[in-house]
Amino acid sequence: MLARAVIDASGTWSTPGPLGGDGLPAPGELAAADRIAYRVPDFTDPDVRGRYAGKRVVVLGSGASAFTTLAQFAELAEEVPGSHAVWVLRRGIGADTFGGGKADQLPERGALGLRAKAAVEAGYATAVTGFRAEVVEQDGDGRLVLTGEDGRRLEPVDELIALTGFRPDLSFLSELRLGLDERLQAPAELAPLIDPNVHSCGTVYPHGARELTHPEQGVYLVGMKSYGRAPTFLALTGYEQVRSIAAALAGDHEAAARVELTLPETGVCKGSGFAEVPQVEDSAAGGGCCGAQEEPQSGEQAAPAGGC
C-alpha cells in the first residue's frame with residue numbers, strides 16, 4: 001500500500017506505565033503480574049467483579065483513571081462488605097486533588113472527581129500520600145506488600161491496580177526518522193508546549209501540522225501518541241491536530257497554520273510530581289489544574305509523566 005503520508009493515531013493504550021516510582025518496573029512487579037491490572041477494571045463484568053469483591057486493593061495514580069476506579073469500586077464496596085481500596089498517590093491531598101468539581105468547564109470530569117472524593121470520605125478508600133513505590137513483595141499468605149522509597153510498608157493487599165500513565169509504542173516506527181524529545185517522547189517542536197512540569201491540559205498552546213512534523217517527510221504522530229509520556233492530553237487537541245494536518249496535505253497551508261482551539265482550564269490534568277512534595281491537608285491553598293506546577297529542585301531533572 002503506497003501513500004503520500006502516514007498519520008499514526010494509534011494511541012498509547014497498549015503500553016501502560018509500570019508502578020515503580022521511577023518509571024521502571026519495581027522489583028517483584030513482574031513476578032506479581034497476575035494480580036496487577038494496568039487499566040481501569042470493567043466492574044460491569046461479573047468475572048472482574050468477582051476478582052475484586054470483598055478484597056483489599058491498592059489503587060495507584062491520581063488522574064481520571066484512578067478517579068473512575070475509586071468511584072466504581074465504592075459502588076462494589078457498598079454491595080460487598082470487606083471490599084476496600086488503598087489509594088496511593090505521589091502527591092499530598094490538596095484543594096485541587098479532585099479537580100474543579102462543579103466549576104470544571106468539563107462537567108462530567110468535575111462530577112467524576114466529586115464521586116472519587118465521596119468514595120474516600122465514605123471510607124471505601126483510604127489515601128496514602130507522598131508514596132513512591134519501590135518494591136512489590138509477597139507475604140507468607142501470598143498477599144502483596146508494597147514498599148515505598150522512604151521505607152514505608154503498606155498493609156498486605158489482594159490486588160494492585162496501577163493507573164500510572166501510558167507511553168507510546170515506537171517499536172514499529174524504528175526505521176523512520178522521527179524527531180522526538182528525549183524525555184517526553186513527543187515531537188521535538190511540541191514537547192516544550194506540553195511539558196507537564198510547566199503546562200496543564202488547559203495551558204497547552206494550540207498547535208498543528210508545523211509542530212507535528214518529523215525529519216521523515218509525510219509522517220505524523222497525532223492524538224495521545226503525539227504527547228508521548230505527558231498526561232495533559234485532551235481529545236479536543238487531537239481533533240485540531242488532525243484538521244491542521246489534513247489542511248496541510250491538501251495544500252491549504254493558511255488553514256493548516258490557523259489553529260483555533262480553546263481548552264478548558266479547570267480539572268485534573270497535572271504531571272506526576274516529585275517525591276519531595278510535602279503532604280498537605282484538604283484545607284491547603286490550591287487552585288485548578290492549570291496553576292503553576294512544582295519546580296524541580298536544583299540539580300534535579302524534570303520528571304516525565306508516569307509512575308505513582
Side-chain angles (χ1 to χ4, degrees), residues 5-26 29-30 38-39 60-65 90 132-133 162-201 203-242 244-245 263 268-275 289 293-296 300-308:
V6 173
I7 301 175
D8 181 353
S10 59
T12 58
W13 183 251
S14 63
T15 47
L19 66 82
D22 290 316
L24 298 172
E29 181 174 349
L30 299 181
Y38 293 91
R39 299 174 182 82
L60 301 102
S62 59
S65 294
R90 274 187 177 182
R132 291 170 65 92
L163 305 171
T164 50
F166 294 84
R167 56 193 64 187
D169 179 5
L170 302 169
S171 60
F172 62 92
L173 303 174
S174 61
E175 295 303 305
L176 300 180
R177 295 171 298 157
L178 301 181
L180 298 175
D181 178 78
E182 65 274 11
R183 290 188 308 117
L184 293 183
Q185 295 178 294
E189 292 292 320
L190 176 61
L193 308 181
I194 63 172
D195 187 336
N197 294 295
V198 180
H199 294 283
S200 70
C201 57
T203 63
V204 171
Y205 186 80
H207 57 274
R210 186 181 69 82
E211 292 83 3
L212 296 168
T213 56
H214 292 274
E216 191 77 55
Q217 187 175 359
V219 171
Y220 301 92
L221 308 185
V222 301
M224 183 64 202
K225 189 164 187 174
S226 74
Y227 271 48
R229 299 174 65 181
T232 48
F233 176 75
L234 289 178
L236 288 171
T237 305
Y239 300 153
E240 187 62 11
Q241 288 178 344
V242 173
S244 175
I245 291 171
L263 296 173
V268 172
C269 43
K270 304 192 256 293
S272 58
F274 303 96
C289 74
Q293 302 299 315
E294 290 87 349
E295 293 294 333
E300 253 188 353
Q301 186 177 24
C308 61

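Being a predicted model, the structure only gives us computed values, none of them experimental. Side chains included, hydrogens not; waters and symmetry mates left out as well; all remaining heavy atoms used.
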Got a second to check how far [X]'s [atom1] is from [Y]'s [atom2], nearest 0.5 Å?
X      : Y      : atom1 : atom2 : value
Leu221 : Leu180 : CG    : CG    : 6.5 Å
Tyr205 : Thr237 : OH    : OG1   : 14.0 Å
Met224 : Leu234 : CE    : CG    : 10.0 Å
Leu193 : Thr232 : CG    : OG1   : 10.5 Å
Leu163 : Leu19  : CG    : CG    : 10.5 Å
Leu170 : Phe172 : CG    : CZ    : 7.5 Å

Criterion side-chain contact (heavy atoms from CB on, under 4.5 Å) on Leu190 and Leu212, from CA distance to verdict: CA-CA 7 Å; Leu190 176 61; Leu212 296 168; 3.8 Å; yes

Search all heavy atoms of [X] against all heavy atoms of [Y] and return the closest pair with its distance.
X      : Y      : answer
Trp13  : Arg39  : O-NH2, 2.6 Å
Ala230 : Pro196 : CB-CD, 4.1 Å
Gln217 : Arg177 : N-NH2, 4.4 Å
Pro192 : Ala188 : CD-O, 3.3 Å
Ala191 : Leu184 : O-CD1, 3.8 Å
Ala209 : Ser244 : N-OG, 2.9 Å

[X] versus [Y]: any side-chain heavy-atom pair under 4.5 Å?
X      : Y      : result
Pro18  : Glu29  : yes
His214 : Pro187 : yes
Lys225 : Tyr220 : no
Ser226 : Ile194 : no

Tyr227 and Phe233 aromatic ring geometry - parallel, tilted or perpendicular at 30°/60° bounds: perpendicular

Keeping the roles fixed (side chain from Arg90, backbone from Gly21), state whether a donor-acceptor pair exists under 3.5 Å. yes

Short side-chain to backbone donor-acceptor contact, Arg229 and Gly165, under 3.5 Å: no

Inspect the contact between Arg132 and Asp22 and indicate whether a charged nitrogen and a carboxylate oxygen are less than 4.0 angstrom apart. yes

Take Thr12 and Gln185 through the test side-chain contact (heavy atoms from CB on, under 4.5 Å) and record every step on the way to the result. CA-CA 12 Å; Thr12 58; Gln185 295 178 294; over 6 Å; no

